Amino acid sequence: MAGENSKILVVDDEAVIRELMIDILTDEGYNVESAPNAFEALNLLREDSDIVLLFTDIMMPKMTGIELIREARLISPSLIPIVMTGYATLESARAAVKEGAYDYVLKPFSLSEIKLVVANALERHQLATENARLRDLTELFIISETIATFHKEQALLDFVLKAALSRVGAERGSVMVTTPDGSALEMASSVGVQEEFVGTHVQMGAGISGWVAEHGKALVVEDIGRNPDLKEMSRKLQDASFISVPLERKLTSEQQGRYKFPSQQPKVLAVLNVNRKQSGGFFTEGDLKILSIVANHAAVALENVRLIRTVDEAHLSTIKSMALALEARDPYTHGHSERVRNFSVMAAMKLGMSQRDVETLRLGAMLHDVGKIGVKDEILNKVERLSDDEWQQIKLHPVIGYDVLEPVGFLSKDHLSLIRSHHERIDGTGYPDGLSGDQLDDRVRVIAVADTYDAMSSNRAYRQGLSPDRVVTELKRCSGVGLDTRITDLFIGLIESGEIHRYETEEPTYDE
Ligand SMILES: [Fe+2]
């Protein structure tokens, strides 16, 4: 069965044929519209999307039935056309079928013939509709599954916008994200938006996005040209059809409090706007439904991404405070972790390592000595020479650090291996695993030189820091033996030029 509102359109220039068809079809319980020519038929099709079946005569003045079928399918691609013809034009009827007509009926018709043709056509329409629905559902399912895989807010918003645009066939669009204080919205992602509007802010309540965010309601406008009030609200949309949907918050206030989100989180997290239909047509209620589903999934994912970031940040600051607490036990190593981080990041950047590797070093180097938390104060701060046993205890710290940090979810294997291997040497004389050569990747080689440099140049409980000349001599002695030559040379150059001192206090970033 077709939908309850399904209608049949009958087009014939002979009034008697139209009336006969209307009688037959109305008696069968169908809703029928009729038109005396192709132009009126096309107007009806434009205005009424419930028309699913078209009966048309072939020979009509000005525009033939075959031409009508071609035009009608542009307006309503799922429309099923059937031609009505006499024996004299049977060949044209067959040609019409080749042109896309579903079937033909011969005049004069019998009641049973019409009933059968209509039943077949409606069944086919229903199948086609179900197929289209299934395709929509499958695509939406894939979009929602993909949305849930993002870890970064920007990548998530970019994907949501692109998926929304392609799903409803829109040319332009944007995602406006509510600022943390809820007072405004800022453009976080855009496609096809004029340069001057990229990255703009709107106040909450202002413009179309501001209205949607404030009211938490979607807005679908077929043609903004017919809505002077809305046209006034937004200079950007001018004369196009658009849809704006809110991404509404899902967490309760209690859940937000638990995760320490700002207490006055706005109800709407963001607004998804799409504008200008590719086909030049108008957006429909169906498009609105699709976007609402996408927005719903996007809202959940956006909250999750933010939640994970909040938890990660809390976790990270806990771990960093562990590293700082450790340094508080030993005034001589004050600032060591941060300096080793700065030197490592600086060297990694100068060596042209990937941003990912640089960031792994940034965190790994900060935490490299965390395992000293498991070494007794009297050994750590001992001024006299260490006994063999005490030395063995000190040498446990890379493994203790590895074990303490291993359960921390957001630290990767690469972070953990930096912590475990920062005392390994390329000639195999290091600890704890006695790795050598190719077993030590560039990141481990960088942290080894940075740590050695800082240990030699800073004051310790048992000695003063070495002079730059002595440090250079020592580094040259180790170069190519325990430490990587290229990295050692890089440090020597920076020591000799004095540039290294800059990084004692300055953390290199990509924003410089
Ligand atoms: Fe260490």
Side-chain angles (χ1 to χ4, degrees), residues 319-348 360-383 385-386 388-406 408 411 414-436 439-463 465-466 471 474-475 478 481-484 487-488 491 503-504:
I319 293 173
K320 280 188 176 164
S321 48
M322 259 169 81
L324 297 176
L326 169 78
E327 289 181 359
R329 288 164 62 194
D330 173 7
Y332 287 99
T333 59
H334 180 70
H336 172 69
S337 305
E338 280 164 353
R339 286 194 303 273
V340 172
R341 173 196 64 197
N342 298 353
F343 296 144
S344 299
V345 169
M346 173 274 298
T360 303
L361 268 165
R362 192 187 299 279
L363 185 52
M366 184 68 199
L367 304 176
H368 75 282
D369 267 347
V370 156
K372 283 190 177 165
I373 216 140
V375 180
K376 286 184 192 146
D377 276 358
E378 17 334 348
I379 301 177
L380 219 49
N381 297 330
K382 192 170 174 184
V383 177
R385 196 185 166 80
L386 295 176
D388 278 354
D389 184 47
E390 288 165 337
W391 186 230
Q392 289 308 320
Q393 289 199 45
I394 291 259
K395 283 168 81 174
L396 287 176
H397 80 271
V399 176
I400 297 172
Y402 180 92
D403 290 343
V404 167
L405 297 176
E406 212 218 328
V408 177
L411 290 177
D414 291 336
H415 289 119
L416 294 170
S417 92
L418 280 177
I419 291 152
R420 187 179 179 103
S421 303
H422 71 274
H423 285 289
E424 299 287 358
R425 294 293 176 258
I426 52 178
D427 58 1
T429 58
Y431 59 89
D433 300 308
L435 304 177
S436 64
Q439 290 174 304
L440 304 175
D441 67 31
D442 280 347
R443 294 167 300 199
V444 174
R445 289 166 183 237
V446 162
I447 199 173
V449 179
D451 187 28
T452 306
Y453 167 72
D454 193 65
M456 291 195 292
S457 60
S458 55
N459 297 330
R460 287 289 154 105
Y462 45 90
R463 60 151 173 78
L466 306 182
V471 172
E474 278 301 304
L475 284 177
C478 301
V481 185
L483 300 176
D484 182 278
I487 299 165
T488 315
F491 272 78
Y503 300 104
E504 286 167 5

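Here the structure is a predicted model, which means the values were calculated and not measured. Ligands are counted one by one from 1 in listed order, and the atoms in each one are counted from 1 as well. Basis for what follows: all heavy atoms, side chains included, without hydrogens, waters or symmetry-related copies.
- A distance of 12.5 Å separates CE in Met346 from CZ in Arg362, rounded to the nearest 0.5 Å.
- Under the rule for a salt bridge (charged side-chain N to carboxylate O under 4.0 Å, His left out), Asp451 has no partner lying at least two apart in sequence or in another chain.
- Counting only protein N, O or S atoms, 4 lie closer than 2.8 Å to the Fe ion (ligand 1).
- Between Arg425 and Asp427 no salt bridge is recorded (no basic side-chain N to carboxylate O distance below 4.0 Å).
- By the side-chain hydrogen bond (donor to acceptor under 3.5 Å, both in side chains) test, Glu390 pairs with Lys382, Ser387, sequence neighbours left out.
- Between His423 and His368, the gap from one ring centroid to the other reaches at least 6.0 Å.
- Looking at residues two or more places apart in sequence or on another chain, you find a side-chain hydrogen bond (donor to acceptor under 3.5 Å, both in side chains) between His415 and Ser412.
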